[in-house]
Peer 1: 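Quick one: this structure, given as structure tokens, is what I'll be asking you about.
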Amino acid sequence: MPELAGLAAMVEAVLAVAGDPVTVDALVAVAGEGVERARVEEALEFVRSRHEQAGSGIRLEHVAGGWRLATRSEYEGALREYLGYRARARLSQAALETLAVIAYRQPVTLPEINFLRGVNSVAVVRTLVERRLVVVSGRKQVVGTPLLYRTSKEFLVHFGLPDLSALPTPEEVEQIAGESAVEP
Amino acid sequence: MPELAGLAAMVEAVLAVAGDPVTVDALVAVAGEGVERARVEEALEFVRSRHEQAGSGIRLEHVAGGWRLATRSEYEGALREYLGYRARARLSQAALETLAVIAYRQPVTLPEINFLRGVNSVAVVRTLVERRLVVVSGRKQVVGTPLLYRTSKEFLVHFGLPDLSALPTPEEVEQIAGESAVEP
Amino acid sequence: MDPALVGVEGPVRPSVVLPVFEGPLDLLLHLVREEKVSIWDIPIARICDQYHEALRRMEELDLEVAGEYLVYAAWLLLIKSRLLLPRHEGEQKDPRLELVERLAEYEKVKAAAAELAGLVELRRGVERVRFAVPPPSGEIELDLEDVDVLALSRALRDVLERHLRDHPPTLQLEPIRFSVREKILELFELIRRQRSFPLLSHLLTRPDRLESVTLLLAALELQRLGTATAHQRRPFAEIYLTPTGTPLPMDALTDA
């Protein structure tokens, strides 16, 4: 039954990019003219049974009046493990902002970072230190003698900079990064 | 071989959640102790061949130094229908030329791009930076210390390349350039 | 691959079709290909004339002709004139060489761009899968590998803009150095002595702008009190302040 397999593959492709549950009606509409509802339901059953076989980490589930592809619950541990692994190779927007403040204003104290960002950044600074992008470089001689932070050698290597003076100037950012309003 | 099937299912679940390409190293780390790299590669092959069978709308692909699940191009029509306006914007001729210069000469400066193309390309570079296809990778140590540009990981994903060495070689490109000169 | 064509229809003349070019090199390459010759053997005189003709047509069609096109036009003329001159002894280099080398490089860029376009074409319909698993935090995370200095500087700009929004600069008040009351008395003394006092010249020659402003307020106050009148013969001419004879009501002078 090659025709059903083709329809099943199309249904699976749509479900794979949808993320949210898709109703049978929507799938019938996408399948185009001449494809009956019963046929689409057969295709869904085809996809479902294909993923019941050994070696599939995916399953088709019926939720909230629609169908969606989801991972099998057995692999929750592995997924958590992976998300943790990925987090170590990524920077959150908060981390990027904090790194930017430290890079351009160094050496700088935590109260100064908090003042500029408007939020307490202690956890983010700790993460940046753990990831060796930021290091402590002494204390500021003011009340409370807070720690001073600056960027590390690894920071320069990662961004391909010979030294800190090579950071882009505001003019260069204006020229190349343009207005942030352009982005959706 | 139930053990391999189990590992394959786990790998598939991780890839389904990741969306972005996942390196074999990351998969080995997630698989936990006692699982060798070769075994993970076997599991990837298991997932790949399972999706080659009829009825699958997705496939395993090797892009940007990792592996990811993506939809099959056969179902473009259905996806466009379902996703509607969310389809990707196409790259202009100017963008493709600029990207070609950056891809083959990287890291390269804006003046170098302008010289090769014969026109000021600052606006095009800005678009490419906004679309995350191009990133800055330091400065050139010449007069004016201009910023250097290189292609990003997103570039490799967009063009379906495992790495930069998968680009057509300069010799291949030269041959095409020669051919097009003969037949106007 | 032909460049996209733009059709422009005139009301009387037949429609003119001119390809859209990516720059002077693109236009030159097009002209050389139309001649069906190798770029290493450019008939420079003919190409030069055709290039100028193309620019003329672009201007006629009101297409914006970028400065780069004019630079190449001048360069082509220079090469053409050099070829007409007899070569000096020992001068072996073909004046066309640099142009040819640039065209050859650009031809490679175009071929590479076509290759990339082909790769993208193969990727149509290939979309990343998005499974219904919420990310660990709602925040957008960036792949460290692709975080560059521009992203960093942009982040700083965002922080500073937000900071400025949350902490708008407070209005700076200058200490009061001149009082209107003091200036009223000063002006009254001046008009009593001079009868017709050139107010505008006086205002324009004060070293301190704040003093001029205070003086103007004082002059207006004098008229309000009926102690002085101002007149000007034509716009921008001198303004004269003359006393009316009414004495200055000292009690009306608030401590401004």
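Quick note: numbers below take in every heavy atom, side chains included, and nothing from hydrogens, waters or symmetry partners. In this text, all values refer to a predicted model and were calculated from it rather than measured experimentally. Letters A, B, ... are given to chains in the order of the sequence lines, protein chains preceding strands, and every chain is numbered from 1.
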Peer 1: Which residue out of C:V129, C:D148, C:V149 racks up the most heavy-atom pairs below 4.5 Å with chain A?
Peer 2: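 Top option by heavy-atom pairs under 4.5 Å: C:V149.
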Peer 1: Using the side chain to side chain contact (heavy atoms under 4.5 Å, CB included) rule, take C:K183 and C:L217 through it: C-alpha gap first, then chi angles, then the decisive distance, then the call.
Peer 2: CA-CA 9 Å; C:K183 290 293 166 196; C:L217 287 175; over 6 Å; no
Peer 1: Are C:E35 and C:P43 close enough that some pair of their side-chain heavy atoms sits under 4.5 Å apart?
Peer 2: yes
Peer 1: What salt bridge (Lys or Arg N to Asp or Glu O under 4.0 Å) pairs are there with at least one residue in residues 141-156 of chain A, not counting sequence neighbours?
Peer 2: none
Peer 1: Under 4.5 Å heavy-atom distance to chain A, tell me which part of C:D166 shows up: side chain, backbone, both or neither.
Peer 2: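 Interface part for C:D166: neither.
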Peer 1: Find the one option among A:L167, A:T169, A:L99, A:L96 whose heavy-atom pairs under 4.5 Å with chain C are most numerous.
Peer 2: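 Counting heavy-atom pairs under 4.5 Å, the top option is A:L96.
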Peer 1: Can you check whether anything in residues 100-120 of chain A gets within less than 4.5 Å of chain C, heavy-atom wise, and list it by number?
Peer 2: A:A100, A:V101, A:A103, A:Y104, A:R105, A:F115, A:L116, A:R117
Peer 1: Could you walk me through whether A:I58 and A:R72 pass the side chain to side chain contact (heavy atoms under 4.5 Å, CB included) test, one step at a time?
Peer 2: CA-CA 6 Å; A:I58 299 170; A:R72 289 183 179 280; over 6 Å; no
Peer 1: Select one option (side chain, backbone, both, neither) describing which atoms of C:L160 are under 4.5 Å from chain A's heavy atoms.
Peer 2: side chain
Peer 1: Determine whether the side chains of A:D163 and A:S165 contain a donor N or O and an acceptor N or O closer than 3.5 Å.
Peer 2: yes
Peer 1: Between A:Q141 and A:T145, is there a side-chain heavy-atom distance shorter than 4.5 Å?
Peer 2: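 Yes. Closest side-chain heavy atoms under 4.5 Å.
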Peer 1: Applying a heavy-atom distance below 4.5 Å, give me the residues of residues 123-137 of chain A that approach chain C, sorted by number.
Peer 2: A:R131
Peer 1: Cut-off 3.5 Å, side chains only: do C:Q50 and C:E34 have a donor facing an acceptor?
Peer 2: no
Peer 1: Check the surroundings of atom CD in C:E211: do more than 12 heavy atoms from other residues, nucleotides or ligands lie under 6.0 Å from it?
Peer 2: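 Yes - once you tally the heavy atoms of other residues, nucleotides and ligands closer than 6.0 Å, there are more than 12.
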Peer 1: What's the separation between atom CD1 in C:I39 and atom CD in C:E101, rounded to the nearest 0.5 Å?
Peer 2: 10.0 Å
Peer 1: Pairs under 3.5 angstrom only: tabulate donor-acceptor contacts from the side chains of residues 69-80 of chain C to other protein residues two or more places apart or in another chain.
Peer 2:
residue : atom : partner : partner atom : Å
C:Y69   : OH   : C:G23   : N            : 3.3
C:Y72   : OH   : C:R102  : NH1          : 3.0
C:K80   : NZ   : C:D49   : OD1          : 3.1

Peer 1: Atom CD of residue position A:E52 - does it have more than 12 heavy atoms of other residues, nucleotides or ligands inside 6.0 Å?
Peer 2: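 Buried by this count: over 12 neighbours within 6.0 Å.
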Peer 1: Report the option among C:V147, C:D143, C:L150 that has the most heavy-atom pairs separated by less than 4.5 Å from atoms of chain A.
Peer 2: C:V147
Peer 1: Assess the side chains of A:E12 and A:H51: does a donor N or O sit below 3.5 Å from an acceptor N or O?
Peer 2: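 Yes, A:H51 and A:E12 have a side-chain donor paired with an acceptor closer than 3.5 Å.
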